[in-house]
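Start at 1 with the first residue, then count along the sequence.
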Amino acid sequence: MDPIRIAIVGIGKIARDQHVPAIRGNGAFSLVATVSPLDAGLEGVPHLASLDALLAEGPAADAIALCTPPQVRYELASRALARGIHLFLEKPPGATLAEVAALEAQADKVGASLFAAWHSRFAAGVAPARAWLAERRIEKVSIIWREDVRVWHPGQAWIWEPGGLGVFDPGINALSIATHILPRPFFLRQATLVLPKNRAAPIAADIAFRDAGGADIHMDLDWRQNGPQSWDILVETDAGTLKLSQGGAVLQLPSGTEQGEDIEYAGLYGHFATLIRGGRSDVDTAPLRLVADAFLRGRREITDAFHD
Ligand code: NAP
């Protein structure tokens, strides 16, 4: 079977760190081009300044991995789908829920595969956590995602703009795990979003959810963390406490600790190839819905200005 010819649109941090090695490590794909307005691209790979230039001049692509900031994603995705090109959308899949629904309908109509990727769901501890929790009664959940924005997002202006999500850019990863491992749906009850006075997106948030069985789920997001960083989810159950740490990589169960291999992006590309070969899409907007609900229902507090 011929490899799927794939182009990366938006050759920034995540594309270079994760997409390029994952594509090169998967024989189902062949990287044919990269696209970015300012970047020079990769040694030995054709590079174009825009998606329109790629679509007009080639090289031909069967699939595109869209790794731009979310604010520009819909227009690019829609133009690619109009050509029947399969699409891998980095998280979050769009800047609004309605545009993701429109892309899903468009992909369906043209028979292209659309994959709204949630990389944290492929972290090593997540599948075993989901299996273990499926048989437990959930009593209480605590999600603590505290990191230093200056370390992880230096100079990323788009992340502070409307649609950039601010601290929910990493926080949505926690929600992608929680919506996948917890056996019941959960809903937002109240939220406080803390915005620097010079920015349009939150630097911290405190959110109370409750699941359909009545268990409280608390989420603490903060980008002002110095020292040790936390990407932890604790789930108290009738059979003891489960802890997922390091963004889902390490799983602690009452019976002991499991640390699996990091397969996040290899797992995503394996799944994308399966979707394309099987003529299917995978678009789960549950994490983005909860973030949208926080912006819809949350109280705003203004704090000190933030400068990179
Ligand atoms: P980034 O470093 O700012 O890279 C964004 C890239 O998109 C840049 O190369 C930029 O090109 C390009 N771009 C912007 N507008 C474009 C357009 N209209 N057409 C083509 N390319 C365009 O951002 P990032 O950190 O890689 O994040 C990108 C996405 O991946 C975000 O949704 C983020 O949430 C997600 N993500 C990031 C991480 C992470 O650790 N950073 C992890 C997982 C997922 P120029 O520089 O040439 O302008």
Side-chain angles (χ1 to χ4, degrees), residues 1-11 14-15 19 22-23 26 28-37 48-119 121-122 162-163 165 172 175-176 179-180 185 265 267-293 295-296:
M1 202 179 287
D2 289 339
I4 300 158
R5 297 167 298 177
I6 189 165
I8 297 177
V9 175
I11 184 85
I14 197 61
H19 289 257
I23 290 169
N26 185 329
F29 292 97
S30 135
L31 181 61
V32 293
T34 57
V35 172
S36 240
L48 297 106
S50 69
L51 175 64
D52 286 343
L54 176 73
L55 297 178
E57 300 158 24
D62 310 304
I64 283 177
L66 213 37
C67 305
T68 65
Q71 292 97 333
V72 295
R73 208 163 286 151
Y74 171 77
E75 277 75 15
L76 297 169
S78 179
R79 251 177 275 156
L81 285 176
R83 299 288 191 95
I85 294 174
H86 307 294
L87 273 185
F88 177 129
L89 302 176
E90 248 304 348
K91 49 78 27 175
T96 69
L97 285 161
E99 66 188 31
V100 183
L103 291 178
E104 200 176 359
Q106 191 184 354
D108 202 36
K109 199 166 162 197
V110 301
S113 292
L114 182 66
F115 179 27
W118 299 108
H119 64 89
R121 287 185 176 173
F122 285 81
L165 300 189
I172 203 169
L175 289 172
S176 76
T179 50
H180 191 61
Y265 279 78
L268 289 173
Y269 274 95
H271 186 54
F272 189 37
T274 304
L275 291 174
I276 294 171
R277 302 286 191 215
R280 290 186 298 119
S281 288
D282 178 355
V283 184
D284 177 11
T285 53
L288 186 59
R289 273 204 309 267
L290 293 172
V291 172
D293 285 352
F295 280 86
L296 191 63

K.L.:
Where is the tightest heavy-atom contact between H19 and A65, given as atom of each residue plus distance?
P.N.:
ND1-CB, 4.1 Å
K.L.:
Taking the side chain as every heavy atom from C-beta outward, state whether W118 and I172 have any pair of such atoms under 4.5 Å apart.
P.N.:
yes
K.L.:
If you measure from CG on L114 to CG on L275, what distance do you get to the nearest 0.5 Å?
P.N.:
9.5 Å
K.L.:
Are side-chain heavy atoms of L31 and P3 found at a separation under 4.5 Å?
P.N.:
no
K.L.:
Could you pull out the closest heavy-atom pair between G10 and T68, with the gap in Å?
P.N.:
CA-CG2, 4.0 Å
K.L.:
Between I14 and H119, does a side-chain contact (heavy atoms from CB on, under 4.5 Å) hold up when you go through it step by step?
P.N.:
CA-CA 11 Å; I14 197 61; H119 64 89; 6.0 Å; no
K.L.:
What residues, two or more places apart in sequence or in another chain, satisfy side chain to side chain contact (heavy atoms under 4.5 Å, CB included) together with A63?
P.N.:
I4, I6, H86, F272, I276
K.L.:
Distance alone, cut at 3.5 Å: any donor-acceptor contact between the side chains of R277 and S113?
P.N.:
no
K.L.:
Heavy atoms, side chains only, cut-off 4.5 Å: are V110 and R83 in contact?
P.N.:
no
K.L.:
From L87 CG over to L81 CG, what is the distance, rounded to the nearest 0.5 angstrom?
P.N.:
4.5 Å
K.L.:
Can you give each donor-acceptor pair under 3.5 Å made by side-chain atoms of residues 50-57, sequence neighbours left out, with the distance rounded to 0.1 Å?
P.N.:
unit_1: S50; atom_1: OG; unit_2: A53; atom_2: N; d: 3.0
unit_1: D52; atom_1: OD1; unit_2: R79; atom_2: NH1; d: 3.0
unit_1: D52; atom_1: OD2; unit_2: R79; atom_2: NH1; d: 3.3

K.L.:
When you measure from the side chain of S78 to the backbone N and O of Y74, does any donor-acceptor pair fall under 3.5 Å?
P.N.:
no
K.L.:
Hey, mind stepping through L103 and E99 against side-chain contact (heavy atoms from CB on, under 4.5 Å) and telling me if it holds?
P.N.:
CA-CA 6 Å; L103 291 178; E99 66 188 31; 5.6 Å; no
K.L.:
How close do A28 and A273 get, counting heavy atoms only, and between which atoms?
P.N.:
CB-CB, 3.9 Å
K.L.:
Hey, is the main chain of I11 close enough, under 3.5 Å, to the side chain of S36 for a donor-acceptor pair?
P.N.:
yes
K.L.:
Hey, could you give me the OH/OG1 distance between Y269 and T274, rounded to the nearest 0.5 Å?
P.N.:
14.0 Å
K.L.:
Distance check, rounded to the nearest 0.5 Å: S176 atom OG versus L288 atom CG?
P.N.:
11.5 Å
K.L.:
Among I8, L76, V9, find the residue that satisfies the side chain to side chain contact (heavy atoms under 4.5 Å, CB included) test when tested with I64.
P.N.:
V9
K.L.:
What I want to check is whether the side chains of S281 and E104 have a donor and an acceptor closer together than 3.5 Å.
P.N.:
no
K.L.:
Going from CG on L165 to CD on Q71, what distance comes out if it is rounded to the nearest 0.5 angstrom?
P.N.:
8.0 Å
K.L.:
With side-chain contact (heavy atoms from CB on, under 4.5 Å) as the test, would you mind laying out the steps for L268 and F115 before giving the verdict?
P.N.:
CA-CA 9 Å; L268 289 173; F115 179 27; 3.8 Å; yes
K.L.:
At their closest point, which heavy atom of H271 faces which heavy atom of D282, and how far apart are they?
P.N.:
NE2-OD2, 2.8 Å
K.L.:
Could you tell me which non-hydrogen atom of A49 sits nearest to which non-hydrogen atom of V35, and how far apart they are?
P.N.:
C-CG1, 4.2 Å
K.L.:
How close do P59 and V32 get, heavy atom to heavy atom, and via which atoms?
P.N.:
CG-O, 3.4 Å
